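Okay, structure first, notes after.
Fair warning: this is a prediction, and the values are worked out from it, not measured in the lab. FYI, the numbering just counts along the sequence from 1.
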Amino acid sequence: MKLERMRIENWRSFYKDHEIIFSTDPAKNVTLIRAENGFGKTNLLAAVNWCLFGILPPPEDFQNPKKLLNDHAKLKDNATRVRIELEFEHKGKSYKASRTYDQPHERTNSLRLVELKEGTETPLSTSVN
């Protein structure tokens with residue numbers, strides 16, 4: 001599996017929408033993410049695990065692991081939803097995985113997995129937790 005793009009909406013330390021485009025160039029196939037401590041590198045990794053597997057880090061490894069919605073988004077924009085999308089390539093096919101969290105109901109929605117082909121999305125699974 002090769003990550004191509006990641007979209008984050010109001011996830012933990014990330015306010016509003018953010019997008020990371022990963023290198024897919026065969027000659028330069030590494031994307032480096034660098035930042036000072038406390039700027040969200042661990043949150044990015046946690047977002048990948050949560051989106052694909054519904055897994056959050058344990059309390060001893062992650063401060064407030066169940067607090068997913070960005071505080072500023074909640075207070076300033078009355079935001080209630082967190083969303084992570086991952087686009088990736090696997091065995092020559094392109095896919096998009098996404099997961100959302102509904103803060104008012106404290107509910108993590110099921111993984112949504114689609115195949116991307118010629119500008120269309122074909123659902124592959126809607127019932128994976």
Side-chain angles (χ1 to χ4, degrees):
M1 178 168 85
K2 184 187 328 177
L3 290 177
E4 295 175 339
R5 182 180 305 223
M6 180 177 190
R7 291 183 185 99
I8 302 168
E9 179 185 341
N10 295 325
W11 170 260
R12 299 188 52 88
S13 61
F14 293 91
Y15 174 53
K16 293 211 177 197
D17 299 321
H18 296 271
E19 180 178 60
I20 298 171
I21 299 174
F22 298 96
S23 176
T24 57
D25 183 331
K28 298 179 181 179
N29 60 2
V30 173
T31 300
L32 180 67
I33 298 173
R34 181 189 176 279
E36 299 294 325
N37 290 343
F39 278 83
K41 299 178 301 292
T42 302
N43 280 335
L44 290 175
L45 181 58
V48 171
N49 278 328
W50 179 76
C51 180
L52 294 175
F53 308 110
I55 298 170
L56 292 171
E60 61 270 13
D61 293 342
F62 211 66
Q63 186 178 5
N64 301 318
K66 293 185 179 184
K67 183 178 159 194
L68 304 185
L69 181 63
N70 177 276
D71 285 336
H72 195 67
K74 182 179 178 181
L75 295 173
K76 185 176 180 184
D77 301 337
N78 293 320
T80 60
R81 184 181 83 155
V82 170
R83 181 177 181 87
I84 305 295
E85 286 184 355
L86 294 170
E87 291 183 20
F88 59 94
E89 181 269 328
H90 183 66
K91 296 185 179 181
K93 294 183 179 182
S94 294
Y95 300 93
K96 179 168 63 173
S98 61
R99 192 179 297 266
T100 58
Y101 175 73
D102 178 13
Q103 177 66 43
H105 299 100
E106 296 183 351
R107 187 177 87 191
T108 296
N109 295 315
S110 297
L111 172 68
R112 180 173 187 265
L113 184 61
V114 298
E115 183 177 355
L116 303 173
K117 191 173 183 180
E118 298 176 10
T120 62
E121 294 185 359
T122 304
L124 298 176
S125 174
T126 56
S127 61
V128 177
N129 290 321

Taking everything shown except Lys41 itself, do over 12 heavy atoms lie less than 6.0 Å from its NZ?
-> yes
Spacing of [atom1] belonging to [X] relative to [atom2] belonging to [Y], to within rounding of 0.5 Å:
X: Asn10; Y: Lys74; atom1: CG; atom2: NZ; result: 12.0 Å
X: Leu69; Y: Leu75; atom1: CG; atom2: CG; result: 9.0 Å
X: Phe14; Y: Leu44; atom1: CZ; atom2: CG; result: 4.0 Å
X: Arg99; Y: Leu111; atom1: CZ; atom2: CG; result: 5.0 Å
X: His90; Y: Leu3; atom1: NE2; atom2: CG; result: 12.5 Å
X: Arg12; Y: Thr42; atom1: CZ; atom2: OG1; result: 9.5 Å

For [X] and [Y], indicate whether the former's side chain and the latter's backbone hold a donor-acceptor pair under 3.5 Å.
X: Asn70; Y: His72; answer: yes
X: Gln103; Y: Glu106; answer: no
X: Ser23; Y: Thr31; answer: no
X: Asn109; Y: Tyr101; answer: no

With a 4.5 Å cut-off on side-chain heavy atoms, are [Y] and [X] touching?
X: Ile84; Y: Ile8; value: yes
X: Val114; Y: Arg112; value: yes
X: Leu86; Y: Met1; value: no
X: Glu9; Y: Thr100; value: no
X: Tyr95; Y: Glu115; value: yes

Minimal non-hydrogen separation, [X] against [Y], with atom names:
X: Ser13; Y: Phe39; result: OG-O, 4.5 Å
X: Lys16; Y: His18; result: O-CD2, 3.9 Å
X: Lys117; Y: Thr120; result: O-OG1, 2.7 Å
X: Tyr15; Y: Lys76; result: OH-CD, 3.5 Å
X: Ala97; Y: Cys51; result: O-SG, 3.6 Å

TODO: State yes or no: do Ile33 and Val48 share one hydrophobic cluster built from I, L, V, M, F, W and Y residues joined by side-chain heavy-atom distances below 4.5 Å, directly or via other members?
DONE: yes
Assigning hydrophobic clusters by single linkage (Ile, Leu, Val, Met, Phe, Trp, Tyr; side-chain heavy-atom cutoff under 4.5 Å), is Ile55 placed with Leu52?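 As far as the 4.5 Å side-chain criterion goes, Leu52 and Ile55 are connected within one cluster.
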Is any side-chain N of the basic residue among Lys96 and Glu87 closer than 4.0 Å to the acidic one's carboxylate O? no
### Query
So, are Glu85 and Arg5 salt-bridged, with charged N and O less than 4.0 Å apart?
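No.
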* Determine, step by step, whether Glu4 and Ile21 satisfy the side-chain contact (heavy atoms from CB on, under 4.5 Å) criterion, reporting the C-alpha distance in whole Å, the side-chain angles of both residues, the deciding distance to 0.1 Å, and the verdict. => CA-CA 6 Å; Glu4 295 175 339; Ile21 299 174; over 6 Å; no
